[in-house]
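Only heavy atoms go into these numbers, but all of them, side chains included; no hydrogens, no water, no symmetry mates.
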Amino acid sequence: MASVTLKHIFKKYPGGVTAVNDFSLEIKDKEFIILVGPSGCGKSTTLRMIAGLEEITEGELYIGDKIVNDVAPKDRDIAMVFQNYALYPHMTVFENMAFGLKLRKMPKDEIKKRVEEAARILDIAHLLDRRPKALSGGQRQRVALGRAIVREPKVFLLDEPLSNLDAKLRAAMRTELTKLHKNLGTTFVYVTHDQTEAMTMASRIVVMKDGIIQQVDTPQNLYDMPCNIFVAGFIGTPQMNFIKSTISKEGSDLYANFANCKFKLPAEKSESPELNEYVGKEVIMGIRPEAIHDEPMYLSTFTDWTADAMVDVTELMGAEIYLYLSMGEDDNLIARVSSRSKAKSGDTIKVAFDITHAHFFDKDTERCITH
């Protein structure tokens with residue numbers, strides 16, 4: 001097994017395009033790291049540099065304690081699973097999984113043992129005689145994983161492996177991949193633009209934008225303590241609400257002023273030296289949809305933080321309802337409320353904001369001031 005270390009990695013293309021910019025990361029042995037970000041942020045390029053499929057322009061890449069910048073992909077002891085599976089159509093499942101081992105001149109009995117063991121782990125033992133065209137998308141994905149498993153690599157690299165599957169199968173395969181990671185005890189480096197995949201599977205998540213790491217942390221810490229507006233908006237469904245607010249001070253108390261609201265901030269936020277520097281200035285207040293409520297129990301609990309809002313649209317999601325609200329001209333919000341909510345489109349309702357869970361961001365730098 002192995003750790004992976006990237007030290008000040010750059011990827012520059014002719015014409016001055018920098019796809020990956022000063023990327024430094026220590027991936028621990030047996031960790032499940034997920035690189036996440038919008039299309040074109042450099043996450044797949046980073047993965048391909050680890051695999052050796054893309055040349056590193058600057059910086060050092062280590063697998064274990066060995067620098068591998070100039071080591072050929074086949075000698076890096078890694079296995080890569082691609083988005084499009086890349087199976088050989090004329091070969092059976094067994095032959096597809098065994099192909100890499102045959103190239104290495106491994107004994108036939110050892111090949112058979114490894115393929116059968118991987119097929120057992122992935123529950124595809126009954127498919128070994130079939131060809132890829134006779135398999136469903138989920139089965140093909142398992143074969144692609146099996147082909148990687150039989151090599152017993154130090155590091156698994158997975159490039160959006162679930163993006164071709166339907167939503168139900170994707171959810172099932174997320175669980176399977178998490179189990180597989182635990183069973184194999186190997187380092188996983190996984191790329192996706194789907195933050196649900198990242199939140200449910202990763203030991204740590206690397207959020208990228210424009211080739212630059214924005215934040216590296218556990219899923220819960222990323223959700224609770226985003227370092228800037230980009231991370232706060234990227235992680236979480238529906239995304240965090242952002243409201244232009246002005247900070248005012250009366251005595252030792254700070255207030256957030258927006259729309260027709262003036263909310264006294266909780267003591268821990270009023271005592272924040274960083275936020276006190278923004279008195280009289282405009283900031284961005286971030287509040288997640290689940291921290292905006294329309295139920296009577298919350299309206300009676302958060303009496304100092306209630307406001308009127310117009311319901312534009314309601315979306316019933318089964319166990320919950322998304323309310324699309326407007327307050328004044330510019331403040332459009334999403335609230336995630338109980339399915340018991342009686343709110344209808346066109347209603348004006350009273351909502352309560354749980355300001356204890358509000359985040360405040362600098363309007364210009366977009367960095368977080370306080371959580």
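Atoms CG and CD1, on D294 and I321 in that order, are 8.0 Å from each other to the nearest 0.5 Å. Atom CG of N257 is separated from atom CD1 of I243 by 12.5 Å, given to the nearest 0.5 angstrom. To the nearest 0.5 Å, atoms NZ (K281) and CG (D362) are separated by 8.5 Å. Residue I284 holds its CD1 atom at 7.0 Å from NZ of K363, rounded to the nearest 0.5 Å. Rounding to the nearest 0.5 Å places CZ of F302 at 5.5 Å from NE2 of H293. Between the CD atom of E55 and the CE atom of M49 there is a distance of 11.0 Å, given to the nearest 0.5 Å.
With hydrogens and angles disregarded, no donor-acceptor distance shorter than 3.5 Å links the side chain of H371 to the backbone of C227. The backbone N or O of H8 lies less than 3.5 Å from a partner atom in the side chain of S24, making a donor-acceptor pair. No donor-acceptor pair under 3.5 Å is formed between the side chain of N228 and the backbone N or O of E366. Using a distance-only test at 3.5 Å, with no hydrogens or angles considered, a donor-acceptor pair links the side chain of R114 to the main chain of V150. Listed for the D347 side chain is a donor-acceptor partner under 3.5 Å among the backbone atoms of K344. Proximity of a side-chain donor or acceptor of K43 to a complementary backbone N or O of G37 within less than 3.5 Å is detected. When atom types are taken as modelled, the side chain of D331 and the backbone of L325 share no donor-acceptor pair closer than 3.5 angstrom. A donor-acceptor pair under 3.5 Å is formed between the side chain of N276 and the backbone N or O of S270. At least one donor-acceptor pair under 3.5 Å links the side chain of K269 to the backbone N or O of A358. Formation of a donor-acceptor pair under 3.5 Å by the T57 side chain with backbone atoms of K12 is found in this model.
Using a 4.5 Å cut-off between side-chain heavy atoms of Ile, Leu, Val, Met, Phe, Trp and Tyr, with links allowed through other members, I212 and F230 fall into different hydrophobic clusters. F361 and V283 are members of different hydrophobic clusters when ILVMFWY side chains are connected at heavy-atom separations under 4.5 Å. In the hydrophobic clustering of ILVMFWY residues, with side-chain heavy atoms under 4.5 Å counting as a link, M240 and I355 come out apart. At a threshold of 4.5 Å between side-chain heavy atoms, the hydrophobic network of Ile, Leu, Val, Met, Phe, Trp and Tyr places V216 and V231 in two separate groups. I124 is connected to L101 through a chain of hydrophobic side-chain contacts under 4.5 Å among Ile, Leu, Val, Met, Phe, Trp and Tyr, so both are in one cluster.
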Under the side-chain hydrogen bond (donor to acceptor under 3.5 Å, both in side chains) criterion, do D312 and S326 qualify, and how do the steps go?
CA-CA 7 Å; D312 296 325; S326 52; 3.3 Å; yes
Please determine whether side chain to side chain contact (heavy atoms under 4.5 Å, CB included) holds for the pair M97 and V115, giving the CA-CA distance in whole Å, both sets of side-chain angles, and the decisive distance to 0.1 Å.
CA-CA 6 Å; M97 289 170 67; V115 170; 4.1 Å; yes
Should R140 and N164 be marked as a side chain to side chain contact (heavy atoms under 4.5 Å, CB included) after you check the CA-CA gap, both sets of side-chain angles, and the distance that decides it?
CA-CA 11 Å; R140 287 179 199 177; N164 288 343; over 6 Å; no
Using the side chain to side chain contact (heavy atoms under 4.5 Å, CB included) rule, take N21 and F10 through it: C-alpha gap first, then chi angles, then the decisive distance, then the call.
CA-CA 5 Å; N21 194 338; F10 287 79; 3.1 Å; yes
Test side-chain hydrogen bond (donor to acceptor under 3.5 Å, both in side chains) on Q220 and T218 and set out the steps.
CA-CA 6 Å; Q220 197 63 50; T218 63; over 6 Å; no
side-chain hydrogen bond (donor to acceptor under 3.5 Å, both in side chains) between E160 and H193, intermediate numbers included:
CA-CA 8 Å; E160 304 215 21; H193 61 270; 2.9 Å; yes
Given the rule in the side chain to side chain contact (heavy atoms under 4.5 Å, CB included) test, do V71 and K66 qualify, once you have shown the distances and angles that lead to the verdict?
CA-CA 10 Å; V71 174; K66 181 184 175 190; 4.2 Å; yes
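Note on ring orientation: taking the six-membered ring where Trp is involved, the planes of F258 and F353 are perpendicular (angle over 60°, cut-offs 30° and 60°). In this pair, H90 and Y88 present their aromatic rings perpendicular. The plane angle is above 60°, beyond the 30 to 60° band. Between F156 and F188, the two ring planes are tilted [angle within 30° to 60°].
Residues Y322 and M317 are in side-chain contact: their nearest non-hydrogen atoms beyond the backbone lie under 4.5 Å apart. A 4.5 Å side-chain heavy-atom check between I349 and V311 finds at least one atom pair inside the cut-off. Using a 4.5 Å cut-off on side-chain heavy atoms (C-beta onward), R336 and R288 make no contact. You'll find the side chain of P238 stays beyond 4.5 Å of the side chain of Y324, heavy atoms only. Side-chain atoms of F360 and E274, non-hydrogen and from C-beta on, never get closer than 4.5 Å to each other. L53 is not listed as a side-chain neighbour of L47, based on a closest heavy-atom distance of 4.5 Å or more. For the pair R142 and M173, the minimum side-chain heavy-atom distance is below 4.5 Å. Between L6 and I50 the shortest side-chain heavy-atom distance falls below 4.5 Å.
Within a 6.0 Å sphere centred on CG of N183, other residues, nucleotides and ligands contribute more than 12 heavy atoms. Within a 6.0 Å radius of CG in D129, no more than 12 heavy atoms belonging to other residues, nucleotides or ligands are found. Around CD of E268, the count of heavy atoms belonging to other residues, nucleotides or ligands within 6.0 Å exceeds 12.
Closest non-hydrogen pair, P153 versus T186, comes out as O-CG2, 3.4 Å. Minimum heavy-atom separation, C261 to A307: SG-CB, 3.5 Å. Considering every non-hydrogen atom in both I63 and R76, the closest pair reads CD1-O, 3.9 Å. The minimum heavy-atom distance linking V351 with L299 is given by the pair C-CD2, 3.8 Å. Across all non-hydrogen atoms, the minimal contact from L222 to I205 is CD1-CB, 3.4 Å. Nearest heavy-atom pair, D304 versus F263, reported as atom, atom and distance to 0.1 Å: O-CD2, 3.6 Å.
The pair E250-K264 does not meet the salt-bridge criterion, since no charged nitrogen lies less than 4.0 angstrom from a carboxylate oxygen.
Remark: the S163 side chain and the Q83 side chain contain an N/O donor-acceptor pair separated by less than 3.5 Å. Looking at T5 and E26, their side chains do bring a donor and an acceptor atom within 3.5 Å of each other.
Just one residue in the list E116, E117, E110 forms a side-chain contact (heavy atoms from CB on, under 4.5 Å) with K113, and that residue is E110.
For residues 84-104, no pair satisfies salt bridge (Lys or Arg N to Asp or Glu O under 4.0 Å), with sequence neighbours left out.
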